[in-house]
Every structure is written in C-alpha cells, then in structure tokens.
Amino acid sequence: MAGIVIVGAQWGDEGKGKVVDLLAERAEAVVRFQGGNNAGHTIIRDGETFKFHLIPSGILYPGRKCVIGNGCVIDPKVLTDEIDGLKARGIDVSGLRISANAHVIMPYHMLLDHAGEARLGKLQIGTTRRGIGPCYADKASRLGIRVQDLLDEKILKKKITAAIEPKRLALRPFAKDPSLDLHSMAEEYLTYGHRIEQFIADTSSLVWDLLDTGKNVIFEGAQGVLLDIDHGTYPFVTSSNPVAGAATTGSGVGPRDIDEVWGVAKAYVTRVGAGPFPTELDDDLGAELRERGGEFGTTTGRPRRTGWLDLVALKYAARINTLTSLAITKLDVLSGFDRLHVCTRYRGEEGAIFDRFPYHQSVLHHATAEYEELPGWKEDISLARSESDLPATAREYLQYVSDFVGIPVAIVGVGPGREQIIWTSSSQSSLAAPTAA
Ligand code: IMP
C-alpha cells in the first residue's frame with residue numbers, strides 16, 4: 001500500500017498535473033483534498049490538451065477512481081460543465097466520486113470575492129475571484145452549504161437563508177442581482193445536486209478501503225506551500241492548506257496512511273497575484289522567462305510574475321511538507337541562458353542574513369535575494385529522456401538543487417508532453433518507472 005501526496009513546492013502552477021498524470025498510471029485513485037476551481041491543471045495527452053479545474057487529472061485513465069475530497073470547495077456549475085466537456089470528448093467519468101461533505105461555492109461567495117478585492121484596492125490579494133475565500137470563511141463560520149445539502153430542498157433553503165442573513169450589509173450593492181433570489185438559487189443548485197447525485201459518496205471510507213487492500217492512492221494538492229493559509233505568505237495566500245498535512249484532513253485518512261510526499265517545483269519560480277517574491281525578475285529577463293515558459297494562468301489567463309529559483313523557499317517547502325522526492329519541471333525553459341542564478345539566502349532590510357524562510361511578514365516583504373551563479377547550457381534538452389542525455393551543466397544544476405534542499409530529484413520535466421520526462425537514478429519511489437534504478 002502507498003499513499004502518495006503530491007504538492008506544489010512554490011506558489012502554485014509548478015506542473016503538478018503532469019506529475020500526477022504520470023504517477024496515476026500506477027495508482028488506483030487520485031484524490032483532491034483542498035482548493036477548488038481556483039486551480040488549473042493542463043495535461044497534454046497524444047497531442048490533445050485537457051484543462052481541469054476541479055476533477056482530478058487521473059480521470060484520463062479509464063476506471064480510475066477520481067475523488068473530490070471533503071477539504072475541497074466545489075462550484076457545481078464548473079463541475080457539471082467539466083463532466084459534460086469530458087463526456088463530449090468520449091472520456092469515461094464513471095470513476096468520479098464527490099465527498100458529500102465538501103463545501104459548495106454559492107453565487108454570493110463569488111460576489112463577495114469580487115467586492116472584497118475591489119474594497120482592498122491597491123492592497124488587493126489578486127484572488128482568482130472564484131469565491132474560494134468566502135466559501136471557506138462560511139465553512140469556518142459553520143454557515144456553509146455542503147454537497148449533501150443539494151439533495152434536500154427544505155434543508156438547502158434553510159441553510160441559504162441562514163448563510164445570507166449575516167452578509168446582508170455586504171450584499172446590499174447586489175440587492176437586485178437575480179442570482180441572489182432564494183428560490184431561483186435553490187432551484188438552480190438542486191438541479192446541480194440532481195446531476196451530480198450519482199457521484200456523491202462516502203469518499204473517506206472509499207479511500208480507506210483502497211489503502212487497506214494494498215492499492216496506491218495519490219493525493220493531489222492544488223496551489224502550493226507558499227499560498228498556504230497558515231504557512232504561506234499571509235495574507236497573500238489562498239484560503240486552504242495546500243501543504244501535505246492537509247491531505248489527511250481534506251480526504252479523511254490518517255497521517256500513517258501517507259508513505260511518500262512529492263514536492264513539485266519549476267526550475268525557476270512564478271507567482272500570480274500580489275505578495276512578496278524575493279527572486280522576482282521585474283525586467284526583460286523576467287519577460288523572457290515568461291514568454292519562453294508560456295507563463296500565463298490556466299484559470300485566469302493572467303501573466304505570471306517570474307524569477308530565479310528560490311532555494312530558501314524550496315528548503316522551507318521540504319521541511320513543512322516532509323518531502324521525500326522532488327519533481328523539477330520545465331528545466332528546458334532555462335536552456336540558452338549563459339549564467340543561471342539560484343537564491344541561497346535572503347538579506348533583510350537592515351542587512352541581516354536569513355538562511356531560513358522568515359516567518360515575519362515585514363521581513364519577507366523587504367527581503368532581497370542573494371544568489372549563487374551556476375553555468376547554463378545552450379543545448380535544446382526537450383528530447384532528453386535520461387540523465388545522461390542532459391548537458392553536464394544541466395546535471396550540475398539539478399545536483400546543486402538536490403544537495404542544497406537535501407531531497408533527491410526523482411523526475412525532471414523537459415517539455416510539456418507526457419513523454420518529456422526523465423526518471424533519475426535517485427528515484428526511490430514505489431511508483432518509480434520500471435527503468436529507473
Ligand atoms: P484565491 O485562491 O482565488 O482566493 O486566490 C488567492 C491567491 O492564490 C491569489 O494570489 C491567487 O492568484 C493564488 N492562487 C489561487 N489558486 C492558484 C493556482 O492554482 N495557482 C497559482 N496561484 C493561485
């Protein structure tokens with residue numbers, strides 16, 4: 001049995017979807033445990049592009065159980081559109097399972113997300129405006145609507161009324177918005193409930209049964225550790241816990257069910273939305289990295305901020321998640337740079353040196369990155385399929401990262417395609433490709 005958690009080790013968009021897709025081939029189930037349709041995963045399979053926001057990427061394997069766990073927040077319109085889209089492309093969705101306890105994003109959550117950002121003005125977080133924060137806020141306030149509530153008209157109406165009551169003032173500007181009418185809202189959401197009813201299940205016991213009978217289960221994180229509401233760059237974070245520990249609470253298994261934790265990191269760093277980013281390249285080099293890496297959001301289309309690889313942050317991610325393996329993606333994007341920089345420490349406003357990720361918001365906001373310079377490579381590496389196909393300097397780059405962070409690099413991405421991957425000899429995962437040592 002193996003429970004394998006895959007998390008983003010940066011600010012999201014690290015290419016987790018591709019890693020999950022690869023490992024899912026050898027697993028029985030893929031479980032999402034937090035977040036909602038603020039996430040976006042792109043998978044390229046046989047030249048066809050698939051974009052997912054809610055459904056775990058494992059759905060492309062016929063018969064795989066793909067679970068949306070209790071820790072997720074679900075916009076049922078997005079979910080049903082995604083189901084319809086997959087069906088229209090001939091994909092079997094019978095393996096989908098949705099936790100009855102997952103929370104539902106309601107129209108007022110989206111309105112409040114927009115209004116909250118507008119009110120913050122210059123201080124805005126840059127959320128995806130999908131209603132994620134307000135939905136999690138209602139969950140914590142015990143005013144949330146859960147998936148199971150969509151199956152009972154009386155309960156649903158009662159709960160919507162209770163949820164809206166304390167928001168009256170904030171929702172006043174939307175008083176005439178038809179999406180807030182109790183009866184049409186309840187009708188619409190009951191229809192969604194009816195449409196997803198066949199997929200609603202006790203997902204915690206389903207996952208437990210799979211692990212108990214020796215199956216591999218992948219827990220697929222969304223966003224990344226630096227967007228974690230507790231451990232990220234608060235308040236410029238998402239409203240859930242993308243760290244590995246949340247795989248347990250967000251899916252209903254215990255810590256002893258987790259055997260491996262993979263952290264996915266790009267060979268450089270990107271971030272969308274506002275907040276500190278010590279290695280940001282706010283110049284032509286950053287723009288070049290954005291163009292080469294196609295760094296535009298899957299969910300919002302926003303251009304991503306770009307910067308050099310931050311090893312202080314990556315080491316922090318390794319600790320907070322107890323990573324067992326690293327997956328380094330998009331190494332090919334670095335081809336052609338003469339010299340590469342990796343951040344090995346921060347310098348604070350008053351000159352203090354930080355070897356560890358600072359816990360204090362103001363320190364981080366003013367921290368500047370100090371770099372180690374490493375030689376680059378000119379070769380196109382997109383056809384490399386083993387470590388020996390890589391130029392020596394690319395291998396040195398990976399070795400430097402692995403040594404600094406203290407975690408083996410198990411796989412390396414060298415292009416967007418599924419086959420553009422290298423399994424390294426240091427991969428000790430139970431899901432390692434048969435060819436790996
Ligand atoms: P929210 O999750 O929509 O509330 O947005 C909060 C912050 O998380 C913003 O900075 C978003 O840009 C960021 N964010 C949310 N989801 C993702 C993601 O999947 N990738 C990258 N950033 C994300």
Side-chain angles (χ1 to χ4, degrees), residues 4-23 32-35 39-41 57 218-234 236-238 240-247 258 260-273 275-280 293 295 304-331 333-334 342-344 346 356-358 364 369 397-413 421 424 426-427 429:
I4 295 165
V5 181
I6 299 175
V7 291
Q10 295 164 329
W11 275 287
D13 307 316
E14 299 92 349
K16 295 177 290 293
K18 179 172 162 172
V19 177
V20 171
D21 182 41
L22 270 173
L23 298 188
R32 268 199 63 180
F33 55 87
Q34 46 74 228
H41 290 162
S57 1
I218 290 176
F219 298 89
E220 173 181 14
Q223 292 88 43
V225 59
L226 299 173
L227 288 173
D228 186 278
I229 190 160
D230 287 287
H231 304 288
T233 50
Y234 192 91
F236 302 98
V237 292
T238 191
S240 66
N241 289 109
V243 295
I258 307 300
E260 294 179 28
V261 183
W262 286 55
V264 185
K266 274 180 198 162
Y268 51 97
V269 181
T270 64
R271 164 163 213 174
V272 270
F277 182 176
T279 64
E280 182 164 20
E295 297 298 352
R304 296 177 183 144
R305 300 158 65 193
T306 50
W308 292 119
L309 185 59
D310 183 343
L311 294 180
V312 179
L314 194 54
K315 206 168 180 170
Y316 175 66
R319 171 164 65 85
I320 293 288
N321 294 291
T322 55
L323 296 184
T324 56
S325 297
L326 274 172
I328 301 291
T329 59
K330 293 189 138 181
L331 187 67
V333 175
L334 294 185
V342 288
C343 166
T344 53
Y346 300 150
R356 290 191 182 198
F357 198 73
L364 190 62
Y397 186 80
L398 294 170
Q399 194 60 51
Y400 189 94
V401 172
S402 172
D403 289 347
F404 192 96
V405 178
I407 307 289
V409 174
I411 56 179
V412 182
I421 203 92
T424 74
S426 8
S427 171
S429 169

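Only this structure's heavy atoms are used, side chains among them; waters, hydrogens and symmetry mates stay out. All of these numbers come straight from a predicted model, not from anything done at the bench.
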> Mind checking whether Tyr316 and Phe357 have parallel, tilted or perpendicular rings, split at 30° and 60°?
Replying inline: parallel
>> Looking at every non-hydrogen atom in both residues, tell me the closest pair between Ile4 and Trp262 and how far apart they are.
In response: CG2-CD1, 3.7 Å
> Any side-chain heavy-atom pair from Lys266 and Thr329 closer than 4.5 angstrom?
Replying inline: yes
> Testing Glu14, Gln34, Lys16 for side chain to side chain donor-acceptor pair (under 3.5 Å) with Gln223, which one passes?
Replying inline: Gln34
> Which heavy atom of Asp228 sits nearest a heavy atom of Val237, and at what distance?
Replying inline: O-CG1, 3.4 Å
> Which atoms form the tightest heavy-atom contact between Ala222 and Ala39, and what is the distance?
Replying inline: CB-CB, 3.8 Å
> What is the distance from atom CG of Asn321 to atom CD1 of Ile6, rounded to the nearest 0.5 Å?
Replying inline: 12.5 Å
>> Are the side chains of Pro276 and Phe236 in contact, using a 4.5 Å heavy-atom criterion?
In response: yes
> Taking all non-hydrogen atoms of both residues, which atom of Pro278 and which atom of Trp11 are closest, and how far apart?
Replying inline: CD-CH2, 4.2 Å
> How far apart are the closest heavy atoms of Thr238 and Ile229, and which atoms are they?
Replying inline: O-CB, 3.5 Å
> So, do Leu311 and Val401 sit near enough that their side-chain heavy atoms are less than 4.5 Å apart?
Replying inline: yes
>> Would the distance check show the side chain of Thr424 and the main-chain N or O of Val409 forming a donor-acceptor pair, the cut-off being under 3.5 Å?
In response: yes
> Ignoring hydrogens and geometry, is there a side-chain-to-backbone donor-acceptor pair from Thr270 to Arg305 under 3.5 Å?
Replying inline: no
> Hey, is the main chain of Tyr268 close enough, under 3.5 Å, to the side chain of Gln10 for a donor-acceptor pair?
Replying inline: yes
> Do side-chain atoms of Lys18 reach the backbone of His41 as a donor and acceptor pair under 3.5 angstrom?
Replying inline: no
> Just by distance, do the side chain of Tyr397 and the backbone of Ala267 share a donor-acceptor pair under 3.5 Å?
Replying inline: yes
> Where the side chain of Asp310 meets the backbone of Thr279, is there a donor-acceptor pair that is under 3.5 Å apart?
Replying inline: no
